[in-house]
Every structure is written in C-alpha cells, then in structure tokens.
Amino acid sequence: MNELLKKTYEAVICYEKDTIEMSSRVDAEINTLLKTYAKQSTDKETEQIKSLLYQTALTAEQEGFQLGIKYTLKTLLDILSD
C-alpha cells in the first residue's frame, strides 16, 4: 500500500465509526469460522489460525481503502476532464 495512504488508514480511518463497525462484523465472522476448528484443534493452533485470519482481514481492509481512493480519484479526474 502506498505509505501515505497506509499512514492515513492507520492514523485516521481505522478510528472512524464505519470502520469500527466493519471491524466488529469481521470479528464476528472470524469467531464464527473458528468455532468449527476450535473443537478439532489445540488452543495454540486455534490462536495461530485466528492470527492469520486477522492479518488477512487487516490487509484486505487496507487494500480496499487504497482501491477506493484510487477509483474515487479516477472518477473525479474523469469528471473534471469533460
């Protein structure tokens, strides 16, 4: 991710109400997914899977933010160039 956008996401966007609500939904989904594996795995394995899922979710959130900015700017440039 572009460093400026990453810093913006980490310093500002991640504290916004919409982002916090999205994170709560992601948490719920991760917990739902882990219920299946928790019965079949050790606590250590479950924590490793949980960590991987959270890392993946955070990367997806940051990349989604960057992609949203990219397409917003493309749209704005297109509108302004007409």
Side-chain angles (χ1 to χ4, degrees):
M1 176 186 274
N2 174 297
E3 282 304 307
L4 178 59
L5 291 178
K6 185 174 182 178
K7 287 178 184 178
T8 301
Y9 184 86
E10 291 173 349
V12 179
I13 303 302
C14 70
Y15 298 108
E16 294 293 319
K17 182 182 177 192
D18 292 343
T19 306
I20 292 168
E21 289 171 357
M22 176 190 62
S23 292
S24 293
R25 291 188 301 273
V26 170
D27 288 345
E29 182 65 21
I30 287 173
N31 287 328
T32 298
L33 293 170
L34 284 175
K35 285 179 185 176
T36 304
Y37 296 100
K39 295 174 185 175
Q40 304 166 4
S41 306
T42 65
D43 288 344
K44 184 178 179 180
E45 290 170 333
T46 301
E47 284 303 313
Q48 289 174 331
I49 293 168
K50 187 175 187 177
S51 177
L52 289 172
L53 290 172
Y54 277 111
Q55 289 172 344
T56 302
L58 178 59
T59 299
E61 290 169 19
Q62 291 172 338
E63 291 294 322
F65 172 70
Q66 182 177 345
L67 191 60
I69 293 293
K70 177 182 174 182
Y71 282 100
T72 299
L73 292 176
K74 275 186 166 184
T75 302
L76 181 61
L77 287 173
D78 188 53
I79 291 168
L80 294 175
S81 67
D82 284 339

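Distance CD1/I13 to CD/E61: 12.0 Å, rounded to 0.5 Å. With values rounded to the nearest 0.5 angstrom, M22 atom CE is found 11.5 Å from E16 atom CD. Note that the CD atom of Q40 and the NZ atom of K35 stand 15.0 Å from one another [nearest 0.5 Å]. A distance of 11.5 Å separates NZ of K70 from OG1 of T75, quoted to the nearest 0.5 Å. Remark: K50 NZ to D27 CG distance equals 8.0 Å, nearest 0.5 Å.
With a 6.0 Å radius and a threshold of 12 heavy atoms from other residues, nucleotides or ligands, Y37 has its OH atom at or below the threshold. Within a 6.0 Å radius of CG in D43, other residues, nucleotides and ligands contribute 12 heavy atoms or fewer.
Judged by distance alone, the side chains of Y9 and Q66 never bring a donor and an acceptor atom under 3.5 Å apart.
Here the closest heavy-atom approach between residue I20 and residue C14 is recorded as CG1-O, 3.8 Å. Taking both residues in full, the closest heavy atoms of L5 and F65 are given as O-CE2, 3.6 Å, listed atom of the first, atom of the second, then distance.
No single ILVMFWY cluster, assembled from side-chain heavy atoms under 4.5 Å apart, contains both I79 and I69. A continuous path of ILVMFWY side-chain contacts below 4.5 Å connects Y54 to L34, so both sit in one hydrophobic cluster.
Side-chain contact between L67 and Y71 is present, with at least one heavy-atom pair separated by less than 4.5 Å.
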Working for side chain to side chain contact (heavy atoms under 4.5 Å, CB included), residues L76 and T72: CA-CA 6 Å; L76 181 61; T72 299; 5.6 Å; no
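Formation of a donor-acceptor pair under 3.5 Å by the T56 side chain with backbone atoms of L52 is found in this model.
Remark: of the listed residues L58, I30, N31, I30 is the sole one forming a side chain to side chain contact (heavy atoms under 4.5 Å, CB included) with L53.
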